[in-house]
Structures are given as C-alpha cells and as structure tokens.
Amino acid sequence: MPRLVLIDGSSYLFRAFHALPPLTNADGEPTGALFGVVNMLRATLKERPDYAAYVVDASGPTFREQMYPLYKANRPPMPDDLRAQVEPMCRIVEALGFTILREPGVEADDVIGTLALQGAAEGIDVTISTSDKDFAQLVREPAPGQGLVELVNTMTGSRLDSIEAVMAKFGVRPDQIVDMLALMGDSVDNIPGVAKCGPKTAAKWLAEHGTLDAVIAAADAVKGKIGESLREALGQLPLSRQLATIRTDVPLPVTPRTLALRERDIESLRELYARYGFNQALKELDGGSAADAVEKEPGRARGSGRYAAPVAEDAPPPDPALSAPGEYETVLDADRLAAWIGMLREAGCFALDTETDSLDPLRANLVGISFSAEAGRAAYVPIGHDYPGVPTQLDRQSALDALRPLLEDAGVRKIGQHGKYDLHIFRRLGIEVRGYAEDTMLESFVLNSSQRHDMDSLAKRLLGYDTVAYEAVAGKGAKQIPFNAVAIDDATRYAAEDADITLRLHGQLSAQLQATPSLQAVYREIEMPLVQVLARIEANGVMVDADELRRQTADLSRRMLAAQQKATELAGRSFNLDSPKQLQALLFDELGLPALVKTPKGQPSTNEEALEAIADQHELPRVILDYRGLAKLRSTYTEKLPEMINPATGRVHTSYHQAGAATGRLASSDPNLQNIPIRTEDGRRIRKAFVAPPGRRLVACDYSQIELRIMAHLSGDAGLLEAFSAGADIHRATAAEVFGRRLEEVTPNERRAAKAINFGLIYGMGAFGLARNLGIGRGEAQEYIATYFSRYPGVRDYMERTRQQAREQGYVETVFGRRLYLEYIQRGNQAQRAGAERAAINAPMQGTAADIIKRAMVDIDGWLAGQGGAAQMILQVHDELVFEVDEGFVEALLREVPRRMAAAAELRVPLVVDSGVGADWDEAH
DNA sequence: TGTCCCTGCAA
DNA sequence: TATTGCAGGGACA
C-alpha cells in the first residue's frame with residue numbers, strides 16, 4: 001500500500017529548538033533546530049514514503065482566532081535565533097524533495113488533518129510525523145480499501161497506530177480525544193477547560209459517559225470540588241471542543257497524490273549542508289552512490305533458487321550516525337551497571353544481546369552482555385573474559401543478580417536478534433527473561449521469508465552498514481579463539497554494536513511491519529509467542545537410548561561388511577561404495593550398464609532411481625542399494641545420535657529454526673529430529689531408541705492429511721469438501737472418482753495411484769513427474785490428471801487462481817496472511833518461472849499447515865504450563881507433536897491435546913488429529 | 001580447512 | 001520435469 005507522510009514542521013522546529021543546544025555554524029549562524037529537523041527528515045526519507053509533505057503554519061490570523069480572540073494569545077513571539085533558521089530550513093526541505101505546504105487562514109494541523117483523511121480514503125497509509133498529542137484524534141485503523149492513519153514522533157520513536165495504542169496512551173478512543181482536550185483545556189494554546197481536570201479525570205468521565213455532551217448532561221451529578229469546576233466551565237466547553245478539533249475539510253490546492261516525493265537536489269544539499277556544517281549529512285551525500293552500487297549486487301540465492309529476494313530494494317542511504325563509531329561503553333563496575341539498569345528501565349524497552357563461548361545455547365557459557373536503549377549508545381558488560389592480563393571484571397553472580405529484576409520484569413520490553421538463544425543462556429543461569437517482545441530476525445522473516453535474516457545481512461540491507469565481523473575479533477577457522485579469549489576492548493566494539501544495531505533494525509523493521517496488518521498479526525500472534533515455546537521444547541530435549549543405538553550400529557556394521565564383500569566379489573575389484581564417482585566409473589564405464597538418469601550437473605547419476613533401473617541387468621546395483629540403506633542409517637543416525645546426548649541433561653536437544661523455511665515451517669538441526677526414518681523396517685527401529693523415562697510415556701499426535709484438507713478449504717471444491725466432511729479415506733475417494741469405481745471396488749493399486757496424485761497436486765506436479773513416480777507412461781499420467789481435474793474442478797480453478805495471483809502481485813499467502821514472495825515468477829527464465837509456480841501452489845498449503853501447528857503449539861504450551869509439569873512437549877515434526885507424559889496424566893493429555901490441535905484453525909473441513917501412546921516413539925506413532 | 005556435489009532421510 | 005528442509009561422505013582447491 002502506498003504511504004503518505006505528513007510532517008508537522010512547526011512542532012518539530014519548536015521541539016528541536018528547545019531540545020538541542022544552541023549550536024552555530026562557523027559563521028555564527030544558529031543551526032541547532034535546523035540540525036534536529038534535518039536529521040528527522042533524513043530518517044523519514046529512509047523509510048521511503050511514496051508521498052510526503054512538510055506542513056508549516058502560514059503567517060496571519062486563522063479561523064480559530066476569529067472564533068476566539070484569546071487563542072494562543074499568551075504565546076511568546078518566536079525567538080530570533082529560531083526565526084533565523086526558518087528560511088534555511090525551507091530550502092533544505094525543498095532540496096530533500098518534500099513539498100512544503102503553507103495555507104493561510106488555517107493552521108498546519110488542519111492541513112494535515114484534511115490530507116490525512118483524504119489519503120486514507122484513497123487507500124493510502126498515512127503517517128503523521130509530529131510531537132503534538134492533539135493529533136491522536138486522527139488515528140484510524142485500516143479498513144477495506146482504506147489506509148490507516150498513524151502518528152509517529154521521530155524524536156522519541158513513539159508510535160500510535162491503532163485505537164488500542166491511543167487507548168493505552170490516553171485512556172480514551174481517538175474519537176474521544178477532542179472531548180478530552182476540551183475538558184482538560186490547554187494552557188499553551190490558551191484553550192479554557194475544566195479547572196483541576198487533567199487527563200486522568202477527563203478519561204474517567206469519558207469512560208463513564210462516552211462523550212463530552214453526555215458529561216455535560218451529567219454535570220449536576222458530579223460531586224466535590226471537581227464537580228463545581230465542571231459546572232463553572234460548562235459554558236466554555238463547546239467552544240473549547242471546537243478549538244481542539246482539527247479540521248479535515250479544508251479546501252486545498254493539492255491532493256495526496258500530488259505530493260509524490262521528488263528526487264533530492266544533491267547540489268543544493270551539498271551547498272546547504274556545507275554552509276551549516278552538517279558534516280555527517282554531507283558525507284552521506286558523497287558516500288551514498290558508492291554504497292548503492294555495493295548493495296545492488298545480486299543477493300546470494302539460496303537453495304533451489306526458485307524464490308529468493310523479491311524486488312531488489314534500493315539501498316537505503318547509510319545512516320550517517322553509523323559512519324562514526326557509536327558511543328560504546330565497557331561496564332566494569334557496579335555503579336555503572338546500576339546506572340545502565342536504571343536507564344534501561346526508564347526507557348522501558350531496550351535491545352539485549354549475550355556473548356558466549358559456543359554456538360550451542362545448551363552448552364555455552366556466558367561471556368558478556370550488551371544492551372542499548374538509544375541508537376548509537378550501547379554498553380557491554382564483560383563477565384567471563386579470561387586471558388592473561390585481563391582487566392578486573394564484574395563478578396558474574398553479582399552482575400546477574402543486579403540484572404535479574406530488569407530481565408524478569410515483563411513490563412520492560414526486550415528486543416533481540418534471534419533472542420531464543422539468549423533466553424536459553426539466561427534460563428540456564430536461573431533467569432527467566434520476561435517481556436521478550438521483539439525479535440528482528442522474526443520481523444525480517446515475516447516481512448520476506450526468502451531473504452537472509454542474520455544480523456550482518458540485515459544491517460547491510462536496511463542500514464547500509466557493515467557490522468564488525470565476528471571473524472574480525474575472534475579470528476576464523478582453526479585460528480578462531482573462543483569469545484572469552486577476545487580482548488575486552490575488541491569485544492565491546494563487537495558486542496555493543498550488536499545491541500545498537502538490533503535496536504536500529506527494530507526501528508526499521510517494525511515500521512515496515514506496521515504497514516501490513518496481516519503480517520503484523522503473523523508476527524505478533526504466531527511467531528513471537530512461539531519463541532518461548534520452542535525454547536522450552538529445546539530445553540526439554542528427548543531421552544535417547546544410547547545402548548539400543550549401539551546395538552543397532554553393530555548390527556548395521558555387520559551387514560554392511562557382508563554387502564561390501566559381496567560387492568567386491570561382483571565387481572571383481574575393491575572400490576569405495578560410498579563414492580558416487582567411483583561407482584559411476586565402475587557401473588557405466590567398466591560394466592557398460594546404461595546411464596539412464598543424470599545428476600543436475602549432467603553426470604550419470606548413481607542414485608536410487610538409476611540403480612533400480614539397471615537392477616535387472618546386473619546383481620551389483622541391488623547390493624549397492626542395500627549397502628547404501630544401511631550406511632545411511634548408521635552414519636546419520638545410529639552413530640551420530642549417541643554423540644549428541646548432552647552430558648548435563650543426558651538427553652538430546654535439537655535446535656529449531658524459526659526463520660528456517662520460507663513457507664513458514666520450522667526446521668530442525670543439531671541433530672535434525674524431523675527426518676528420523678520411519679518408512680523401512682530397519683529405519684523404523686531407530687525410533688525405538690527415542691524413549692520415555694520410567695514412569696512416563698510418549699504421546700504422539702498428528703494431523704491427518706492436513707495439507708489436503710487445506711487444499712479443500714482454499715479451493716472450496718465441492719467434491720473434496722464433501723469427501724472430508726463425510727470422513728472418507730481421501731485417497732480411496734480420489735481413486736473412486738478418477739477410476740470410475742464405487743468406493744468398495746477400489747483396488748490397492750488404484751488407491752496407491754490416487755495417493756500419488758493427491759500428493760503430486762500439493763507439490764504442483766505435472767504429468768511427467770506423476771508418470772515417473774508411478775512408473776507409467778506420460779500419456780496415461782496425463783489422463784489421470786485430466787480426469788482428476790474434471791472430477792474436482794474447484795481444485796483446477798484454485799491452482800490457476802494461485803498462479804495468477806503469484807504472477808500479479810509477486811507473492812502468495814497462507815490462510816493467516818503469511819506471505820511468500822516469489823522473485824522468479826515474473827522475471828526468471830522458463831525453468832525458474834515454472835519452479836516458482838510450483839512453489840506458489842505448494843506454499844499456501846504447506847505454510848497454512850505450519851501456521852496451524854504453530855498456533856496449536858502456543859495454545860498447548862499455555863495449557864501445559866498449568867499442569868504442574870505432568871507433561872512436556874518434546875518434538876515437532878511439521879504435522880506432529882510429541883509429548884513426554886506422566887503415566888497418570890496420559891488420559892488427560894489425550895482428552896485435551898487433540899482437541900486443541902483440531903481447534904487451532906476453523907476451516908471449511910474438520911481438522912482430524914490421530915494420536916498414539918507408547919514407551920518409545922515407534923510405539924507411540 | 002572450506003566448499004561443492006551427490007545422495008537420501010522426513011513431512 | 002513434485003514442495004520444504006538437514007546432513008553425511010567424497011572430492012578438490
């Protein structure tokens with residue numbers, strides 16, 4: 001949605017004049033207010049509004065003075081030092097590309113009010129940039145076809161973007177603000193009000209009566225001194241209300257659409273900045289073009305590259321404050337720590353980061369803590385540095401004890417970058433961080449999941465800033481030293497910057513999120529609540545029977561050896577069975593077997609499909625296939641999992657990546673517990689090693705066919721909806737439709753084919769893929785697909801709509817509004833576009849399923865918190881949740897969890913949850 | 001030592 | 001020429 005920024009120029013000028021020291025340039029001209037305003041405007045430009053206006057008061061009387069001659073009568077004349085800055089300010093504002101508006105007869109407020117409502121009505125999101133609280137009366141929430149109206153105060157960073165936010169700040173709704181202002185009066189503007197009535201009283205009355213008129217009507221009933229004051233003021237109140245009302249119907253020579261931001265006039269800016277001594281701004285002008293060039297390098301494509309960064313955003317101008325080193329303090333004594341804690345508490349919101357000696361949050365030791373509540377200012381508290389000659393640091397326990405009340409205070413909001421890591425560190429030190437409210441990694445993920453979300457990338461992309469690389473302070477590769485061996489001065493540069501940058505990133509990212517309420521909701525209602533849930537699951541871990549795995553390793557080893565001997569015999573020479581390259585030479589060159597499958601690089605493939613294809617021509621391929629299956633299980637699972645047991649807990653703790661999969665799914669690593677085998681007998685045995693401790697059981701609950709159900713919901717196809725509503729076996733029902741059978745006539749083979757079709761549809765399959773999967777001809781596969789679509793026309797239409805939508809807007813959405821941007825859908829080559837279309841088909845289903853289970857996890861976690869530790873969530877595998885449960889609590893859990901999972905979304909088909917109980921994961925599944 | 005390639009496990 | 005991931009071993013610079 002386009003955005004219009006309306007800047008209340010007069011209010012900023014006054015604020016900056018009084019807030020900043022009386023600076024002058026080399027010629028002695030006053031520049032303080034100018035400096036403040038220019039910085040504010042450059043910050044505004046960084047957010048790249050589509051339209052912008054800088055609104056100031058014209059000279060001469062306004063309608064308010066005609067209405068009430070005493071209006072603003074006691075306002076002192078503008079100081080000369082300020083007056084002198086007005087003209088240069090206008091020149092800079094012009095040169096920056098803003099339109100300046102000055103309307104005689106009305107105040108700047110009325111011009112802003114009029115444009116704001118016009119803009120919102122035209123579907124433009126409007127940001128009013130002001131330090132004047134009276135504008136709260138204009139706040140509007142977005143409606144269909146209409147933009148929102150929000151307030152920001154760039155000086156303080158505060159933002160009022162919803163009715164709720166206004167309520168929180170003033171205790172009344174935006175539409176009650178004028179009534180409140182009338183009751184309170186305003187001594188600065190000389191608006192009369194009720195004596196002794198401040199915001200609290202006004203809000204109380206309005207909460208009771210709703211409107212000023214109702215308060216007036218009920219005035220006789222108000223008791224006490226304040227009641228007398230109210231009755232005395234009655235006559236004045238309607239006038240006060242009128243004076244406080246910002247007009248929204250002023251005839252203007254412009255409309256929002258005529259306020260497009262102009263190209264900035266570099267030459268004039270250079271001259272003006274030089275004249276007034278704005279060196280940082282000047283540097284930005286000169287450095288800007290170089291930074292742009294750097295940023296326009298293509299982003300690193302990831303994975304298949306079917307989607308990646310969407311429209312390459314132009315590099316933001318580098319933050320000038322970043323070109324100078326930030327004001328970073330090393331905190332080495334208790335007094336400074338106390339001072340910082342006081343500051344952070346006062347700020348109410350700060351960025352937090354920890355430094356440790358390991359990447360594994362369940363093993364890492366705390367080395368230092370950094371925080372920042374103001375851009376450019378940050379502190380680093382070293383507490384675990386350890387090298388010859390290290391300065392005296394704060395004692396770790398006393399530092400933690402000092403920080404604990406702040407960190408555990410839910411009323412003080414913390415901002416982090418991948419804060420789940422820091423939550424683990426503090427939890428292991430006995431501190432439960434509360435008020436973990438913002439995570440820049442997740443903000444970035446929700447805004448555009450296919451970009452990178454590490455801090456270095458974010459800083460580069462959003463701030464045009466190169467962070468101090470970890471390698472620069474700790475070295476890299478074999479020479480890397482643990483962070484506790486890094487010199488404290490270097491550590492401060494690195495760690496304090498992390499907190500500083502996190503805070504700045506949040507400023508940008510939260511503003512971007514505000515612009516899209518659906519994304520804001522995904523972030524606020526799904527991702528942020530999930531952070532603590534995932535941290536708990538990771539901390540719980542799962543019990544693994546190492547002895548069982550060792551027995552399996554021995555068994556696998558024995559069978560691998562036999563296969564190896566057999567293979568050597570068949571090949572007539574020894575070779576490395578693990579080497580695709582050697583295998584390729586042996587099979588296709590020496591033995592002359594046909595190479596029917598190619599790798600993506602064009603080499604003859606030795607993968608399963610290729611070996612199966614030649615298994616009837618030679619004995620060797622079958623032996624290799626057997627060997628491979630065994631080797632995979634041993635190297636990836638039975639050997640590795642025992643090594644992953646955390647000695648401190650005796651359990652295996654995976655790590656869930658919340659910003660891992662572009663569709664919104666979680667990913668798991670170290671170890672990956674989302675790909676434990678199940679399909680073969682040998683593989684399934686590994687699940688027997690995932691066990692419950694004595695007195696407990698494992699309970700597994702999984703969604704039945706959730707993605708197909710989502711397809712039914714999204715497509716609205718009558719046949720599919722009916723099948724699910726009737727509780728049918730969906731693959732059997734599909735087979736009956738496609739093959740023209742009655743349900744009971746469907747053969748196992750037909751059901752298998754139907755299942756392949758159903759899954760293929762979820763992945764955007766074509767006839768070629770289905771043919772290969774089923775081992776049938778392309779023509780036959782095409783017929784199946786055609787028949788499927790004729791039986792389920794809603795699905796066909798939905799797929800076409802989705803492609804269309806993806807092509808037109810560049811992204812697709814889940815039921816809950818999560819987006820996946822598809823860069824290559826518009827500008828890729830043929831293959832890339834086709835790939836992007838398949839991803840577009842898949843993402844709404846996969847992503848909605850991810851949204852649903854995430855919601856269920858948050859809900860269930862809340863429920864479990866009240867169950868006294870009788871059960872814990874220990875695994876998530878995309879459509880399945882696994883719990884470790886006291887034996888006596890199993891029944892209760894089975895009553896509650898499937899119900900809550902099924903209730904996590906209201907679709908046009910029921911969500912069905914299956915569950916199982918056992919001593920190990922295999923039994924429970 | 002770091003990186004790419006091939007392979008294969010899960011939903 | 002079927003989606004999303006993680007990870008192992010080999011090969012090579």
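Per chain, numbering begins at 1; letters A, B, ... match sequence-line order.
- Taking the nucleotide of DNA chain C with the nearest heavy atom to each of A:Q846 and A:F768, the more 5' of the two is matched to A:F768.
- Here A:Y763 pairs with nothing under the ring pair (Phe, Tyr, Trp, His ring centres under 6.0 Å) rule; sequence neighbours left out.
- Listed by first and then second residue, the salt bridge (Lys or Arg N to Asp or Glu O under 4.0 Å) pairs involving residues 662-672 of chain A are A:R665-A:E707 (not counting sequence neighbours).
- Scored by the side chain to side chain donor-acceptor pair (under 3.5 Å) test, A:Q804 finds A:E808 as partners (sequence neighbours excluded).
- Side chain to side chain, A:Y811 and A:R819 meet the donor-acceptor criterion of an N or O pair below 3.5 Å.
- In terms of phosphate contacts, A:R838 brings a side-chain nitrogen or oxygen within less than 4.0 Å of OP1 or OP2 of C:dT3.
- Side-chain N/O atoms of A:S704 and A:D702 include no donor and acceptor closer than 3.5 Å.
- Each salt bridge (Lys or Arg N to Asp or Glu O under 4.0 Å) pair with one or both residues in residues 781-794 of chain A, not counting sequence neighbours, appears once here: A:E737-A:R791.
- Using a 4.0 Å cutoff on non-hydrogen atoms, no part of residues 609-620 of chain A comes near DNA chain B.
- Of the residues in residues 787-801 of chain A, none lies under 4.0 Å from DNA chain B by heavy-atom distance.
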In 5'-to-3' order, the base (B), backbone-only (S) or no-contact (-) status of each nucleotide in nucleotides 6-13 of chain C, using a 4.0 angstrom heavy-atom cut-off, is SSSSSSS-
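- Using the six-membered ring where Trp is involved, A:W921 and A:F690 have ring planes that are perpendicular, over 60° apart on the 30 and 60° scheme.
- Of the residues in residues 678-691 of chain A, none lies under 4.0 Å from DNA chain C by heavy-atom distance.
- Between A:E608 and A:R628 no salt bridge is recorded (no basic side-chain N to carboxylate O distance below 4.0 Å).
- Within the nucleic acid shown, A:I762 has no heavy atom closer than 4.0 Å to any nucleic acid atom.
- Among the atoms of the strands shown, only primed sugar atoms or phosphate atoms (P, OP1, OP2) are found under 4.0 Å from some heavy atom of A:G477.
- Residue pairs meeting the salt bridge (Lys or Arg N to Asp or Glu O under 4.0 Å) criterion with at least one partner in residues 753-771 of chain A, sequence neighbours excluded, are absent.
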Enumerate, atom names and distances included, each donor-acceptor pair closer than 3.5 Å involving a side-chain atom of residues 638-646 of chain A, sequence neighbours excluded.
from, atom 1, to, atom 2, distance (Å)
A:T638, OG1, A:T553, OG1, 2.9
A:K640, NZ, A:S635, O, 3.3
A:N646, OD1, A:A648, N, 2.7
A:N646, ND2, A:L362, O, 3.4

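- No side-chain N or O of A:H657 forms a donor-acceptor pair with one of A:S668 less than 3.5 Å apart.
- Contact footprint of chain A on DNA chain B: nucleotides with an atom under 4.0 Å from a non-hydrogen protein atom, first to last in 5' to 3' order, B:dG2 to B:dA11.
- Near-neighbour residues of DNA chain C inside residues 874-884 of chain A, defined by a heavy atom below 4.0 Å, are absent.
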